[in-house]
Amino acid sequence: MKNNGTSKRAGEERPRRLLLCLDGVPLPVMQAAKGRGLFDNFNKPSRLLSPFPTMTNIALSTMMRASAPLGYESLYFDRNTREMRGGVGKYIGRRTPDKVPSSYMDELDYQEPLPFEYLVYVAPEMVWRADMRRFRERFRQAPQTRDYFAFLKGTDGLLHIRGRERLDVALESLDKILREIQKSCGTETEIVVFSDHGMNLEENRRVHLQTHLRKRGYELAEKFDRRASRRVALPAFGLIGFSALYCADEEAASTLADSLVELEGVDFSLFREGKDVVVVRGERGKERIHRRQRDGGETFYRYEQIENDPLQLGGIASALSAEGLTDGEGFASGEAWLARTSDHVYPDALENLYQSLQGERVRHPADVLVSLKDGYYYGSSIFSRFVRLAATHGNAMLSSTSAFMMSTHRQLPEAIRASQAQPILRA
Ligand SMILES: [Zn+2]
């Protein structure tokens with residue numbers, strides 16, 4: 001385990017920690033489990049806001065303040081060479097140091113063995129049981145004087161493929177294991193259990209993005225230069241609630257976002273406008289998110305409605321202004337927006353959506369990011385042929401955004417942005 005210098009010494013200045021990340025377990029599922037008497041040694045779970053697109057690598061690299069992964073998924077478009085890279089072949093069996101998608105992986109003391117990576121979506125119960133046994137064994141042998149960080153991926157597969165009931169069974173077995181661990185480690189070990197993203201627990205339909213774009217006169221390409229204004233690269237990988245599109249330039253991005261408005265399943269599209277603006281375009285209208293950074297580093301956002309109110313934030317913007325929390329130009333602090341929108345239909349939308357394109361969530365950000373409505377997915381047609389999708393995640397809505405975090409020793413704040421998680425986990 002790396003000690004980043006700022007953290008206190010585990011087991012001496014503070015209790016040693018077991019950090020246990022459960023892939024894809026939504027806050028309401030954990031709240032319900034606690035309601036049934038499971039995990040009753042833990043304090044109330046907080047809402048951990050997973051960054052958009054709500055995917056494991058993006059969430060964990062943001063949470064651990066680690067290096068940004070190359071793309072949103074292992075198949076991505078390289079903005080420098082302007083061609084598609086990665087994919088299944090690059091994914092299976094290559095979790096070697098030079099291929100690590102983000103440096104958070106260096107911090108993991110336990111993650112599932114490589115052959116499980118795909119098997120988890122085919123035989124999730126088997127993988128979950130074997131994975132949990134192995135984690136318990138490894139943790140038992142670990143020195144008591146260091147923190148231990150484990151990532152269990154089986155929960156994500158269980159939800160995607162089997163749905164909520166099977167996850168509830170899995171959580172019962174996890175509860176037993178954590179009770180055993182608590183009994184043998186005592187209060188000298190703090191356990192922090194959390195997830196990386198939430199999940200929309202309804203059956204999902206495929207969005208016909210490629211067909212739609214071809215009908216609209218676009219050519220789908222794996223490689224193209226900046227002069228090709230009607231060419232689009234559109235990586236299709238996991239079956240998830242967002243899509244990343246790459247095109248010639250900002251002007252092409254705006255036209256592309258317009259052409260997606262009527263497609264069934266699309267909630268809204270995002271694209272950059274210059275250095276400080278992200279535009280939101282959906283069937284309900286259009287708006288701009290403006291950001292400004294003051295001296296001292298505090299960040300302010302303004303919601304500019306151009307046509308209607310696609311993110312349903314008009315009322316909150318007016319309330320902030322009525323309470324005197326906006327400046328003369330309508331900017332309110334990121335913290336004020338967070339306090340009023342952490343359980344909104346689009347949680348913490350201004351900072352979250354702005355950062356998804358203007359921040360550094362991945363090294364090769366898309367030109368257009370599409371957030372699908374709950375109940376819809378986009379992804380590889382090969383995967384969708386052998387998988388019936390009981391649930392998925394990836395969009396910017398409440399269910400996918402609502403991960404959780406809870407501790408045996410501390411009551412954590414009601415809402416935690418992913419970018420605020422690192423000091424809670426490590427300091
Ligand atoms: Zn997943």
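Values below: all heavy atoms of this structure, side chains included; hydrogens, waters and symmetry mates excluded.
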May I have the step-by-step check of side-chain contact (heavy atoms from CB on, under 4.5 Å) for Arg47 and Ile416, ending in yes or no?
CA-CA 6 Å; Arg47 190 184 304 275; Ile416 304 165; over 6 Å; no
Would you call Tyr376 and Arg206 a side-chain contact if the rule is heavy atoms closer than 4.5 Å?
no
Distance-only polar pair, side chains of Tyr72 and Asn57, donor-acceptor under 3.5 Å:
no
salt_bridge(Glu323, Arg340) N-O dist < 4.0 Å:
yes
Would you find a donor on one side and an acceptor on the other, under 3.5 Å apart, between the side chain of Arg361 and the backbone of Ala68?
no
Would you say Asn200 and Asn395 are linked by a side-chain donor-acceptor pair, where the criterion is simply a distance under 3.5 Å?
no
Write down the atom of Leu22, the atom of Met30, and the distance for their closest heavy-atom approach.
CD1-CE, 4.4 Å
side-chain contact (heavy atoms from CB on, under 4.5 Å) between Asp131 and Tyr110: does it pass, once the steps are laid out?
CA-CA 10 Å; Asp131 207 17; Tyr110 179 82; 2.4 Å; yes
Before accepting this row, confirm whether a basic side-chain N of the pair Asp175/Arg179 lies closer than 4.0 Å to the acidic partner's carboxylate O.
yes
Can Arg140 and Glu137 be counted as an ion pair, charged N to O under 4.0 angstrom?
yes
Option among Val266, Leu209, Ile240, Val370 that satisfies the side chain to side chain contact (heavy atoms under 4.5 Å, CB included) test with Tyr378:
Leu209
One thing to verify: whether Arg14 and Asp147 come together as a salt bridge, which I'm taking to mean a side-chain N less than 4.0 angstrom from a carboxylate O.
yes
Without swapping roles, check the side chain of Thr392 against the backbone of Leu239 for a donor-acceptor pair under 3.5 Å.
yes
Hey, does Leu245 have a side-chain heavy atom less than 4.5 Å from the side chain of Leu260?
yes
Is it the case that the side chain of His364 and the backbone of Arg79 share a donor-acceptor pair, with hydrogens and angles ignored and the cut-off at 3.5 Å?
yes
Backbone of Met55 reached by a side-chain donor or acceptor of His197 within 3.5 Å
no
When rounded to the nearest 0.5 Å, the distance separating CG of Leu159 from CG of Leu167 is 4.5 Å
Donor-acceptor pair, Gln355 side chain versus Asn352 backbone, under 3.5 Å?
no
Salt bridge flag under 4.0 Å for residues Arg288 and Glu273
yes
Just by distance, do the side chain of Glu190 and the backbone of Leu18 share a donor-acceptor pair under 3.5 Å?
no
Minimum heavy-atom separation for Asp374 to Met397, with atom names?
N-SD, 3.5 Å
Heavy-atom side-chain contact between Phe242 and Leu369 under 4.5 Å
yes
pair Met405-Pro45: side-chain heavy atoms closer than 4.5 Å:
no
OG1/Thr401 to CG/Leu27 distance, rounded to the nearest 0.5 angstrom?
11.5 Å
Would you mind reporting whether Arg17 and Tyr148 have side-chain heavy atoms less than 4.5 Å apart?
no
So does Lys286 pair up with Glu304, basic N to acidic O under 4.0 Å?
no
Carboxylate-amine/guanidinium contact Glu264 Arg205, below 4.0 Å
yes
Would you please say whether a donor-acceptor pair under 3.5 Å links the side chains of Ser46 and Glu414?
no
Within the supplied structure, the quantity of interest is the number of heavy atoms (other residues, nucleotides, ligands) at a distance under 6.0 Å from Glu180 CD; does it exceed 12?
yes
Check Ser102 against Ser67 and note the closest heavy-atom contact, atom names and distance.
OG-O, 2.7 Å
Enter the distance from Tyr303:OH to Leu311:CG here, rounded to the nearest 0.5 Å.
5.0 Å
Where is the tightest heavy-atom contact between Ser195 and Ala403, given as atom of each residue plus distance?
OG-CB, 3.2 Å
Let me see the working for Met132 and Ile177 under side-chain contact (heavy atoms from CB on, under 4.5 Å), right down to the final yes or no.
CA-CA 9 Å; Met132 220 170 29; Ile177 285 178; 3.7 Å; yes
side-chain hydrogen bond (donor to acceptor under 3.5 Å, both in side chains) with Tyr301: of Glu351, Arg291, Arg292, only one passes, and it is Glu351
Is the Phe300 to Phe331 ring centre distance short of 6.0 Å?
no
Donor + acceptor pair across side chains of Gln182, Asn41 (<3.5 Å):
yes
Spacing of Phe404 atom CZ and Lys34 atom NZ [to the nearest 0.5 Å]:
10.5 Å
Using a 3.5 Å distance criterion without hydrogens, assess whether the side chain of Ser402 forms a donor-acceptor pair with backbone atoms of Leu398.
yes
With a 6.0 Å cut-off on ring centres, are Phe149 and Tyr104 close enough?
no
Can you find a pair of side-chain heavy atoms, one from Val193 and one from Phe39, that are under 4.5 Å apart?
no
Looking only at the side chains, is there a donor atom on one of Ser269 and Arg281 sitting less than 3.5 Å from an acceptor on the other?
no
What's the separation between atom CE in Met199 and atom OG in Ser50, rounded to the nearest 0.5 Å?
10.5 Å
Could you give the distance from CZ (Arg426) to CG (Leu19), rounded to the nearest 0.5 Å?
5.5 Å
Does some side-chain heavy atom of Leu270 sit less than 4.5 Å from a side-chain heavy atom of Val368?
no
Taking Ser419's backbone N and O only, do any of them form a donor-acceptor pair with Arg65's side chain (distance below 3.5 Å, no angle check)?
yes
Any chance you could lay out the side-chain contact (heavy atoms from CB on, under 4.5 Å) test for Leu49 and Asp348, step after step, and finish with the verdict?
CA-CA 8 Å; Leu49 300 175; Asp348 195 28; 3.9 Å; yes
Do Asp23 side-chain atoms and Cys21 backbone N/O form a donor-acceptor pair below 3.5 Å?
no
For Arg146, is there any backbone N or O sitting under 3.5 Å from a side-chain donor or acceptor partner on Arg16?
yes
Answer yes or no: is there a side-chain heavy-atom contact under 4.5 Å between Glu125 and Leu158?
yes
Kindly check if the number of other-residue, nucleotide or ligand heavy atoms within 6.0 Å of NZ (Lys223) is above 12?
yes
One pair to check against salt bridge (charged side-chain N to carboxylate O under 4.0 Å, His left out): Glu202 and Arg164. What are the steps and the verdict?
CA-CA 10 Å; Glu202 54 184 282; Arg164 175 165 179 173; over 6 Å; no
Using a strict threshold of under 4.0 Å (side-chain N to carboxylate O), is an ion pair present between Arg294 and Asp327?
yes
Minimum heavy-atom separation for Ile191 and Leu178, please, with both atom names.
CD1-O, 4.3 Å
Check the surroundings of atom CD in Glu222: do more than 12 heavy atoms from other residues, nucleotides or ligands lie under 6.0 Å from it?
no
Closest heavy-atom contact between Ala366 and Ala244?
CB-CB, 3.8 Å
